[in-house]
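Have a look at the structure below before the remarks.
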Amino acid sequence: MNTTFKSRDDRGFRIGTGAIAALVLLVVLGIGFELTRQSLLSIAKFGFGFWKGTTWDPVSGEFGALPFIWGTLYSALLALLLSTPIAIGIAVFISELSPRALRQPLTYLTELLAAIPSIVYGLWGVFVLVPAVRKLELMTPESWKKIPLFKGPPLGVGMLAAALILAVMVIPLTSSVAREVLKNVPSTQREAAYALGATRWEAIRIALGFGRTGIIGAIMLGFGRALGETMAVTMVIGNNPQLSASLFAPQYTMAAVIANEFSEAADELYLHALIEIGLLLFIITIIVNLISRVMVRSRRTA
Amino acid sequence: MTSTSLRRRLVSRAAEAFCAVSVVIALLPLALILFYVVKEGIGALNADFFTKMPKPVGEAGGGMANAIAGTLILIAIAAGFAVPAGVICGIHLSEYPKSAFSTIVRFAADVLNGVPSIVVGIFVYGILVLPVKRFSALSGGVALGILMLPIVIRTTEELLRLVPAGLREGALALGATRSRAIFTVILPAALPGILTGILVALARVAGETAPLLFTAFNNRYWSTSLTQPIASLTVQVFTYAISPYEDWHRQAWAGAFLLVMMILVLSIAARLAVRRLERMNRP
Amino acid sequence: MNEPKIHVKDFDFFYGASKVLHGISMDIPDRQVTALIGPSGCGKSTFVRSINRMNDIIPDARGTGTILIDGKNVYGRDTDVVALRRRVGMVFQKSNPFPKSIFENVAYGLRINGGGSKREMAEIVERSLRRAALWEEVKDRLHSSAFALSGGQQQRLCIARALAVDPEILLMDEPASALDPIATTKIEELIYELKSNYTIVIVTHNMQQAARVSDKTAFFMMGRLVELGDTKTMFMTPKEKMTEDYVTGRFG
């Protein structure tokens, strides 16, 4: 007699719960399928030209998505540049430097920053941040204005306002993941550094180096979040599809154009063009998220 | 003491100071946002705001009664399907953690977690709005539910794994079937924590705007119908914020204040649930 | 002597590729206490968990051979595992009360088996708690959390919980190893009380305990059954050198 252990009740249970779990799979596949299906007109008409085209003119039926891709990548990269040092600074402070009593409250406060809805950031952006940015732009010396980075009239709305608000929004995500990574660095690493006569910061750098892959993953997670952020960005970026390097220029992102024009898209080709932008956004964020997750996890097991 | 060591100590001090300053830099916008939301919002918050309907374009007064009701309805629809589905999915993942199917599902949940909410909006538009050519509360609720799913799944799975194996053995040894053991002993043991996850998920979707723009859309009138467009706090705040009217701006701040309060309450409730769980698990 | 309650013949057990039990054959008599002793890792726990197929929940675990309870094969193709576990109660090393009230803990087995009227339920809960010698201590707080009990009380609650479904066999996997001496004494007295009604198999690494509570003792070593006999004989005049070395404390 040889019995492999499988209970009978188990089968029904496994299949029943599995059927519900398959729903998640179905949703993800469904998103990919639906987005492709609903953008076929645009894919057929423009092909790869869609991604290279710089004209977005719904009236004449000409759709090129490059300005939105540019705006999305530019704003997300700027946000990353601003948020990364601060997010890592916070992670280091909370996990390595802060007095024990402060740890919980600080963690809670940074998490609160993540809980505030995008629309509230947007509202604040429109009425508080944008006027402040405009003042900053007005103070910019004329000689700087010749540099492409600062070209354009002082509108307040534009790339700088968008990047600032995005930076604030991704800080909590990046810093909380980075904190987790630091927590998982064995304390023997720091002890070894101290034993060799390292200063506190030098020991922290050893810890950061040990968790390097995970930290980069945390930064990429923030990048993924910034790419898909919609409401706050559309309210402060100026919504003008143009390829500009200027921080002061109003620009446009992929998510923002979908949010603004979707319910107004009168003809099918227009709608399909918007959904094709959504499809690309979907693909990019999947790739970015997956890479970052792999990186964050790889160190956890190390 | 050599001078190098002095330099190294200064560098260390400077870096430590930078980290402390980072915290301040990050908390500054938090303080500013909360300050403005309270300052601008609390003044505009009155009885009319909760009980009256929006006034016609440009007219002062009126409130957001329909949007408040709409947000509650949308959240209820979302929770109605995402909570049971997410919990059952989480149970499956924790019971069969290593199967190929579970690996794929977990991966899908991870992917879903990173998908921008506006993309989920397009998906739901395609399957629920386009076929019937009408925006609806139902489609908005489904969009929010899809966004809740990965959070509910993740928390359920993680918390079920924390339940001591002894409880499962105890139930099985008494002749419970696997499903019986899960639903009568293991799930109840993890429930306070799972509840926390659900509250966090609710707080997240209550503040979502983008996926509602072309699913639930908006409605200037009172509506509780699932098949009609419905107003929500977030979309209403958006509409008012980008309008040119002073009075609407005031109402937008009031709406934002209400949203922030809702989220604060949900997250405090979540904290309390966690505390209860910790007490329960200390034998 | 009567028919044995449990009859084991050539039973092997594997975790994946590694064999942890080697051809165990033994008879366990009805309404007596059989103690399984041996150094840790000797397979005594695995063996006791094979009797009610608790090892089923471990992936890649596999048993071959025969275990008969009242002549019926525990590892038969048509064995209903759930029904089997109702007949064979188990108490674990670490007490594992459910996060429910004292009453609901004891009533759990009844509820999952269809329950009964409120009165019946209350009667069975009281009877089980009395048998587990816990009634007097908890009768005024039946509806407070089981976690409020002391370690020893929790373990007796787990015994009451097992008794409530009216099993014929009670398996105990080091039931007192996490308890203080006073609580241990209580559990041992309880075992003595219970053996007139139940067939008890107890795993213990405490040899004094085996000597105190059991009628028969089985000595396990590296996955094999070395010797089985009356407890007195096993401790006074064991046949095997290995057993003698172990019971006199020369190793283990």
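Chain letters run A, B, ... following the sequence lines, proteins first and then strands; every chain starts at 1.
- For chain A, the nearby part of I91(B) is the side chain; its heavy atoms alone come within less than 4.5 Å.
- When heavy atoms are compared at a cutoff of 4.5 Å, I263(B) approaches chain A solely by way of its side chain, counted from C-beta outward.
- Counting non-hydrogen atoms of other residues, nucleotides and ligands closer than 6.0 Å to CZ of R205(A) gives a total of 12 or fewer.
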### Message
Would L123(A) and E40(B) count as a side-chain contact (heavy atoms from CB on, under 4.5 Å) here? Give the steps.
### Response
CA-CA 11 Å; L123(A) 184 71; E40(B) 304 282 333; over 6 Å; no
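- Side-chain contact between Q236(B) and I119(A): absent, with no pair of heavy atoms (C-beta onward) separated by less than 4.5 Å.
- Residue I182(B) touches chain A through its side chain alone, counting heavy-atom pairs closer than 4.5 Å.
- Under the 3.5 Å distance criterion, the side-chain polar atoms of H92(B) are left unmatched by any main-chain donor or acceptor of A21(A).
- For Y240(B), no part lies near chain A; criterion is any non-hydrogen pair under 4.5 Å.
- Among L259(B), V124(B), L27(B), the residue making the largest number of heavy-atom pairs under 4.5 Å with chain A is L27(B).
- Heavy atoms closer than 4.5 Å to chain A are found in the side chain of V111(B), but not in its backbone.
- Your options are A252(B), A109(B), A20(B), and the one with the most heavy-atom pairs under 4.5 Å with chain A is A20(B).
- Of all the listed residues (L29(A), L25(A), I204(A)), the one sharing the greatest number of non-hydrogen pairs under 4.5 Å with chain B is L25(A).
- The part of V168(A) that comes within reach of chain B is its side chain, from C-beta onward, which places non-hydrogen atoms under 4.5 angstrom from that chain.
- Comparing Y96(B), F18(B), F101(B) by heavy-atom pairs within less than 4.5 Å of chain A, the highest count is held by Y96(B).
- Contact annotation for A22(A): both backbone and side-chain heavy atoms come within less than 4.5 Å of a heavy atom of chain B.
- Residue T230(A) touches chain B through its side chain alone, counting heavy-atom pairs closer than 4.5 Å.
- Within the 4.5 Å cutoff, the side chain of I258(A) has heavy atoms near those of the F214(B) side chain.
- Residue contact with chain B, scored on non-hydrogen atoms closer than 4.5 Å, involves the side chain of L290(A) exclusively.
- Counting non-hydrogen atoms of neighbouring residues, nucleotides and ligands closer than 6.0 angstrom, the CZ atom of R179(A) exceeds 12 such neighbours.
- Residue I118(B) comes nearest to A255(A) through the heavy atom pair CD1-O, 3.6 Å, listed as atom of the first residue, atom of the second, then distance.
- Neither the backbone nor the side chain of E96(A) comes within contact range of chain B; no heavy atom of the residue lies under 4.5 Å from a heavy atom of that chain.
- In this structure, the portions of I127(B) lying under 4.5 Å from any heavy atom of chain A include both its backbone and its side chain.
- In this structure, chain B has heavy atoms under 4.5 Å from both the backbone and the side chain of L113(A).
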### From CA spacing to verdict: side-chain contact (heavy atoms from CB on, under 4.5 Å), S22(B), F93(A)
CA-CA 8 Å; S22(B) 310; F93(A) 186 81; over 6 Å; no
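- For chain B, the nearby parts of P85(A) are the backbone and the side chain; heavy atoms of each come within less than 4.5 Å.
- The aromatic rings of Y125(B) and F262(A) stand perpendicular to each other, their planes meeting at an angle above 60°, with 30° marking the opposite boundary.
- Interface residue L271(A): only side-chain heavy atoms are found under 4.5 Å from chain B.
- Scored by the salt bridge (charged side-chain N to carboxylate O under 4.0 Å, His left out) test, E34(A) finds R37(A) as partners (sequence neighbours excluded).
- For chain A, the nearby part of E95(B) is the side chain; its heavy atoms alone come within less than 4.5 Å.
- Heavy atoms closer than 4.5 Å to chain A are found in both the backbone and the side chain of L32(B).
- Using cut-offs of 30° and 60° on the angle between ring planes, the pair W253(B) and F127(A) is tilted.
- Residues L30(B) and L109(A) approach most closely at CD2-O, 3.7 Å, considering heavy atoms.
- Interface residue A85(B): backbone and side-chain heavy atoms are both found under 4.5 Å from chain A.
- The choice from L264(B), L28(B), V105(B) that makes the most heavy-atom pairs within less than 4.5 Å of chain A is V105(B).
- W201(A) has its side chain out of reach of R13(B): every pair of non-hydrogen atoms, C-beta onward, lies at least 4.5 Å apart.
- Looking at I31(A), the atoms closer than 4.5 Å to chain B (heavy atoms on both sides) sit in the backbone and in the side chain alike.
- Residues N289(A) and D110(B) form no side-chain contact, since every pair of their non-hydrogen atoms from C-beta on lies 4.5 Å or further apart.
- For a residue to count as touching a neighbouring chain, one of its non-hydrogen atoms must lie under 4.5 Å from one of that chain's; by this rule I171(A) touches chain B with the side chain only.
- Using a 4.5 Å cut-off between heavy atoms, R293(A) touches chain B through its side chain atoms alone.
- Only the side chain of L23(A) comes within contact range of chain B, with at least one heavy atom under 4.5 Å from a heavy atom of that chain.
- Across all non-hydrogen atoms, the minimal contact from P116(B) to T285(A) is CD-OG1, 3.4 Å.
- With respect to chain A, the highest number of heavy-atom pairs below 4.5 Å among F135(B), F257(B), F107(B) belongs to F107(B).
- With a 4.5 Å cut-off on non-hydrogen atoms, F35(B) does not touch chain A at all.
- For Y108(A), the OH atom is densely surrounded, since the number of other residues' heavy atoms within 6.0 Å is greater than 12.
- Contact annotation for I104(B): both backbone and side-chain heavy atoms come within less than 4.5 Å of a heavy atom of chain A.
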